[in-house]
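What follows is a single structure, written as structure tokens, with notes after it.
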Protein chains: 2
Amino acid sequence: MTRHMPQKAIVQRTALELDTIHVGECVDILKSLPDKSVDLVFADPPYNLQLGGDLHRPDNSKVDAVDDEWDQFASFEAYDRFTREWMRECQRVLKDDGAIWVIGSYHNVFRLGVALQDLGFWVMNDVIWRKANPMPNFKGTRFTNAHETLIWATKAKGQKRYTFNYDALKAFNEDTQMRSDWAIPLCTGEERLKDEDGNKVHPTQKPESLLYRVLLACSKPGHVVLDPFFGTGTTGAAAKRLGRHFIGIERDETYAKHARERIARVQRANESDLATMGSKKAEPRVPFGALVEAGLLQPGDTLYCPKGQRTARVRADGSLVHGELTGSIHKVGAMLEQAPSCNGWTFWRFKTDAGFKPIDDLRARIRQQGH
Amino acid sequence: MTRHMPQKAIVQRTALELDTIHVGECVDILKSLPDKSVDLVFADPPYNLQLGGDLHRPDNSKVDAVDDEWDQFASFEAYDRFTREWMRECQRVLKDDGAIWVIGSYHNVFRLGVALQDLGFWVMNDVIWRKANPMPNFKGTRFTNAHETLIWATKAKGQKRYTFNYDALKAFNEDTQMRSDWAIPLCTGEERLKDEDGNKVHPTQKPESLLYRVLLACSKPGHVVLDPFFGTGTTGAAAKRLGRHFIGIERDETYAKHARERIARVQRANESDLATMGSKKAEPRVPFGALVEAGLLQPGDTLYCPKGQRTARVRADGSLVHGELTGSIHKVGAMLEQAPSCNGWTFWRFKTDAGFKPIDDLRARIRQQGH
DNA sequence: TAGAGCGCTGAATCTCGCC
DNA sequence: AGGCGAGATTCAGCGCTCT
């Protein structure tokens with residue numbers, strides 16, 4: 001139908017325009033993006049419920065900032081409608097193995113979390129950005145508000161595949177797994193964008209470190225990261241630095257201008273330096289039988305359990321025998337240990353002149369030959 | 001009207017029964033409490049965890065899951081109905097200068113926060129309980145879930161009067177303002193209640209120091225603290241220690257029995273004892289990856305061993321590469337030295353105009369930023 | 001006796017690809 | 001789409017035993 005042509009043309013063009021900032025209303029521009037075209041969404045939505053400026057009802061009428069209870073309810077409701085509208089579009093444009101991160105404070109983050117859950121996203125973690133240097137509460141009326149909350153959620157419940165660079169973060173954290181609380185300083189000093197008059201360009205510019213960690217954890221080089229509230233482009237800067245693509249949406253041209261200049265100054269890291277610690281799961285699979293086939297073990301050889309008191313014999317097809325028990329290295333290990341499962345590669349040892357060594361060493365030798 | 005007499009009698013009696021545990025359904029008993037009779041509510045409701053099958057540690061031991069009947073809900077809607085019902089009653093029984101604290105994890109805390117806001121409570125802070133020793137993520141699928149979230153809210157918006165012992169907390173916190181993130185260990189060891197068989201009495205007993213800090217912050221001696229999900233009585237124990245009254249509601253008589261015995265053992269503390277519950281500031285460590293994240297080192301930069309003849313390149317995730325070897329600063333250092341372990345912070349140097357310096361200097365710089 | 005070492009455990013939405 | 005099987009996966013603290 002020809003009347004769809006112009007729209008389609010727009011969709012195509014927008015889909016391809018990576019690494020640029022699209023100036024306009026968030027939802028309008030989101031609607032021009034095709035389904036399942038984005039790997040990751042990072043959203044730092046407005047949350048000034050009281051100030052009125054950023055919050056409009058879907059019909060674009062402005063929410064009155066009145067103090068009475070009824071209006072307070074109305075304003076939460078309006079915020080929820082606004083939230084669900086952009087969030088639903090983000091869900092649509094996410095690939096089936098995609099995920100979303102949102103950030104907020106106690107003013108709005110509960111509403112973001114419930115919206116995610118109600119729309120069918122599946123929360124993986126909430127993550128605390130613990131500010132090293134927060135602004136004190138001058139009046140002494142509350143606790144120093146020293147953190148913000150991020151929520152990481154996959155597109156759908158039961159989603160099998162999603163990106164999480166577990167081993168990269170573990171290396172980052174000196175070999176202990178990364179926790180849900182991150183200590184990161186505020187965006188200040190050199191990093192904070194200032195205009196000609198020396199005033200900060202954006203009131204809530206996020207530290208690039210924060211986005212760096214999000215993208216390092218939940219995306220791969222070459223992935224497309226969408227930020228529907230781009231602001232001064234922290235997401236874009238971190239994406240470029242880490243070799244990811246970005247799609248930015250921002251309705252304020254001044255912010256967009258500063259963001260463009262900022263991102264232009266960012267250096268992308270070299271391809272090889274963007275590599276991170278890989279997971280073992282991603283390594284090529286070597287069946288145990290290949291060790292026998294390659295002559296690294298002979299049919300009839302004996303394998304020993306870690307403590308050495310129990311043994312099994314290797315058969316020609318790569319199965320093991322221990323008395324009546326037969327099966328794979330994993331199965332026989334699990335049965336001997338009466339455990340629900342067992343990694344036979346690390347469980348079983350073979351005898352060498354230098355003592356007992358795990359059969360995993362032999363697998364490593366085979367994998368190395370593959371190079 | 002005489003037919004109201006019996007009910008009124010119950011109300012009066014219940015209203016006066018302080019420092020006891022009322023066994024029965026939460027909402028039923030709440031309804032028997034008079035309006036505006038309570039200074040503070042602390043609520044640790046079921047989290048609606050939605051766990052799947054069994055979970056085993058890498059050593060094949062089974063994780064003792066929270067699979068109790070009381071944590072099962074048919075849907076988010078059912079959970080929301082349940083939440084709003086008990087929360088509305090809590091709001092009714094709160095004095096006009098009263099406040100509520102609730103605690104939850106990402107499974108339920110967003111729904112708690114939205115319910116509070118929708119019912120007209122006014123959120124003062126969200127507070128993070130940073131666990132010193134959380135259970136790891138055994139399968140390497142997410143971030144270690146290392147915190148829970150508490151929400152502090154007053155009974156109503158615009159409430160002028162509420163209790164916040166700013167100076168007491170500041171003193172408690174070594175003369176700095178108390179922040180919204182609290183580092184507190186899990187409830188383990190001696191403190192954890194065990195039954196005759198040595199099994200834990202309650203699956204989710206909270207540390208007393210957590211309640212201690214809440215009551216110290218938001219109540220006065222003599223105040224009445226209501227806990228509608230009393231469990232094994234951590235709120236009651238902290239209340240007694242601090243000279244507050246409590247009203248406990250618990251539907252499980254076994255929990256209630258243990259709580260009674262526990263609280264009977266508690267001594268009301270004098271000032272000097274209270275100081276010993278003091279806060280130990282647990283500053284989070286700065287992992288090597290944070291240096292790359294913050295731009296103090298770039299992916300691709302070279303590090304040098306003490307003698308300078310061997311080098312490694314820094315990657316985006318803070319891992320190092322030396323030929324075929326990859327890993328954390330510690331691992332690569334150890335492999336190069338053929339040592340069982342290595343402190344990468346003192347081993348590796350980076351080049352400056354003033355010669356080579358240990359990377360530990362960069363960590364010091366990051367730590368300083370936090371002040 | 002002090003210290004090393006080992007075992008146990010904690011609110012957990014905890015695999016993935018192939019057939 | 002469900003079942004099967006390979007094989008990957010943990011941190012800190014407490015309390016006990018052993019030297």
Side-chain angles (χ1 to χ4, degrees), chain A residues 97 117 121-126 152-154 157-162 164 166-167 170 173-180 279-283 285-289 318-319 327-334 339-348 359-360 363, chain B residues 44-68 70-73 76 103-109 129 131-149 185-192 194 198-200 202-207 229 231 282:
Chain A
D97 57 358
Q117 290 179 322
F121 288 93
W122 191 245
V123 176
M124 302 296 287
N125 279 111
D126 60 338
W152 169 35
T154 56
K157 177 176 179 178
Q159 184 175 317
K160 288 265 168 64
R161 289 170 43 115
Y162 57 91
F164 181 56
Y166 174 78
D167 298 274
K170 193 172 171 178
N173 201 35
E174 294 170 37
D175 300 324
T176 24
Q177 57 181 216
M178 185 66 79
R179 298 168 40 117
S180 59
S279 75
K280 284 196 183 170
K281 283 178 194 167
E283 287 187 48
R285 210 178 81 81
V286 176
F288 178 70
S319 62
S328 70
I329 52 173
H330 312 295
K331 222 177 198 173
V332 174
S341 71
C342 169
N343 184 343
W345 290 108
T346 52
F347 182 77
W348 293 107
I359 57 174
D360 209 9
R363 179 170 64 165
Chain B
D44 180 12
Y47 285 12
N48 186 24
L49 283 188
Q50 306 178 65
L51 302 181
D54 288 346
L55 177 65
H56 295 269
R57 298 184 180 79
D59 66 4
N60 275 319
S61 62
K62 193 177 161 212
V63 173
D64 187 10
V66 179
D67 50 7
D68 305 70
W70 49 253
D71 200 46
Q72 311 300 324
F73 292 84
F76 283 131
I103 181 168
S105 65
Y106 66 83
H107 311 84
N108 70 322
V109 77
W129 168 26
K131 301 179 184 182
N133 47 348
M135 182 159 63
N137 180 288
F138 297 115
K139 304 294 187 190
T141 56
R142 306 180 179 200
F143 300 103
T144 307
N145 193 4
H147 73 276
E148 294 187 24
T149 302
L186 294 177
C187 178
T188 58
E190 283 280 293
E191 188 189 340
R192 189 78 191 227
K194 304 277 167 60
N199 299 314
K200 59 187 175 194
H202 194 283
T204 72
Q205 187 182 338
K206 295 293 176 290
F229 305 96

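Sequence lines set the chain letters: A, B, ... in the order given, protein chains first and strands last, and positions in each chain run from 1.
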Taking the nucleotide of DNA chain D with the closest heavy atom to each, which residue, A:V286 or B:E190, is nearer the 5' end?
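Going by which nucleotide is closer to the 5' end, it is A:V286.
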Taking for each residue the nucleotide of DNA chain D with the nearest heavy atom, is it A:K331 or A:Y166 whose nucleotide lies nearer the 5' end?
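Nearer the 5' end of the strand: A:K331.
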Taking only the side-chain heavy atoms of [X] (C-beta and beyond), determine which of [options] contains the nearest atom.
| X | options | answer |
| --- | --- | --- |
| A:Q177 | D:dA8, C:dA12, D:dT10 | D:dT10 |
| A:N343 | D:dT10, C:dA11, D:dG7 | D:dG7 |
| A:K280 | D:dA8, C:dA12, C:dG10 | D:dA8 |
| B:D64 | D:dT10, C:dG17, C:dG10 | C:dG10 |

So [X], base contact, sugar-phosphate only, or nothing? Heavy-atom distance under 4.0 Å.
| X | answer |
| --- | --- |
| B:P207 | nothing |
| B:V109 | nothing |
| A:T176 | sugar-phosphate |
| A:S279 | nothing |
| B:W70 | base |
| B:D71 | base |
| B:P134 | base |
| A:N173 | nothing |
| B:G53 | base |
| A:R363 | sugar-phosphate |

Phosphate contact ([N] OP1 or OP2) by [X] side-chain N/O below 4.0 Å:
| X | N | answer |
| --- | --- | --- |
| A:H330 | D:dG7 | yes |
| B:R192 | C:dA11 | yes |
| A:R285 | D:dG7 | yes |
| B:N133 | D:dC11 | no |
| A:K170 | D:dT10 | yes |
| B:K200 | C:dG10 | yes |
| A:Y162 | C:dT15 | no |
| B:N145 | C:dT13 | yes |
| A:S328 | D:dA6 | yes |

Please check if the side chain of [X] supplies one atom and the backbone of [Y] the other of a donor-acceptor pair under 3.5 Å.
| X | Y | result |
| --- | --- | --- |
| B:R192 | B:C187 | yes |
| B:D68 | B:W70 | no |
| A:N343 | A:W345 | yes |
| B:K131 | B:W129 | no |
| B:N145 | A:N125 | no |

Pair A:D167 + A:K170: basic N to acidic O under 4.0 Å
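No, no charged N to carboxylate O under 4.0 Å.
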[N] and [M]: how far apart are their [atom1] atoms, nearest whole angstrom?
| N | M | atom1 | result |
| --- | --- | --- | --- |
| C:dG17 | C:dT13 | C1' | 22 Å |
| C:dC14 | C:dG10 | C1' | 15 Å |
| D:dT9 | C:dA12 | C1' | 14 Å |
| C:dT1 | D:dT17 | C1' | 14 Å |
| C:dC8 | D:dT10 | C1' | 13 Å |
| D:dA1 | C:dC16 | C1' | 15 Å |

Using only heavy-atom distances, decide whether a donor-acceptor pair under 3.5 angstrom links the side-chain of B:T188 to the base of D:dA12.
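A donor-acceptor contact between them is absent.
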Do B:K206 and C:dA11 share a donor-acceptor pair, side chain to base, under 3.5 Å?
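Donor-acceptor pair under 3.5 Å: yes.
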Would you mind reading off the distance between [X] atom [atom1] and [N] atom [atom2], rounded to a whole angstrom?
| X | N | atom1 | atom2 | value |
| --- | --- | --- | --- | --- |
| A:K281 | D:dA6 | NZ | P | 16 Å |
| B:M135 | C:dA11 | CE | P | 7 Å |
| B:R57 | C:dA12 | CZ | P | 9 Å |
| B:K194 | D:dG15 | NZ | P | 8 Å |
| A:I359 | D:dA6 | CD1 | P | 13 Å |
| B:N108 | C:dA11 | CG | P | 14 Å |
| B:N60 | D:dT10 | CG | C1' | 13 Å |
| B:K62 | C:dC14 | NZ | C1' | 15 Å |

So, A:W122 and C:dT13: ring centres less than 5.5 Å apart, planes less than 30° off, yes or no?
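It does: the two rings, one from A:W122 and one from C:dT13, meet the stacking criterion.
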Should [N] form a Watson-Crick or G-U wobble pair with both distances under 3.5 Å, which nucleotide is its partner?
| N | value |
| --- | --- |
| C:dC14 | none |
| C:dT9 | D:dA12 |
| D:dG2 | C:dC19 |

Atom pair CG/CZ of A:D97 and A:R161 - distance to nearest 0.5 Å
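One gets 5.5 Å once the value is rounded to the nearest 0.5 Å.
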5'-most by nearest nucleotide on DNA chain C - B:P136 or B:S61
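Nearest nucleotide further toward 5': that of B:S61.
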Over 12 foreign heavy atoms within 6.0 Å of NZ, B:K194
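Yes.
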Would one find more than 12 heavy atoms of other residues, nucleotides or ligands at under 6.0 Å from atom NZ of B:K200?
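Above 12, so yes.
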Does either side chain, that of B:E148 or that of B:Y106, offer a donor lying less than 3.5 Å from an acceptor on the other one?
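Side-chain D/A pair, B:E148 to B:Y106: absent.
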Going by a 90° cut-off around 0, is C:dT13 syn or anti?
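Syn for C:dT13; the angle stays within 90° of 0.
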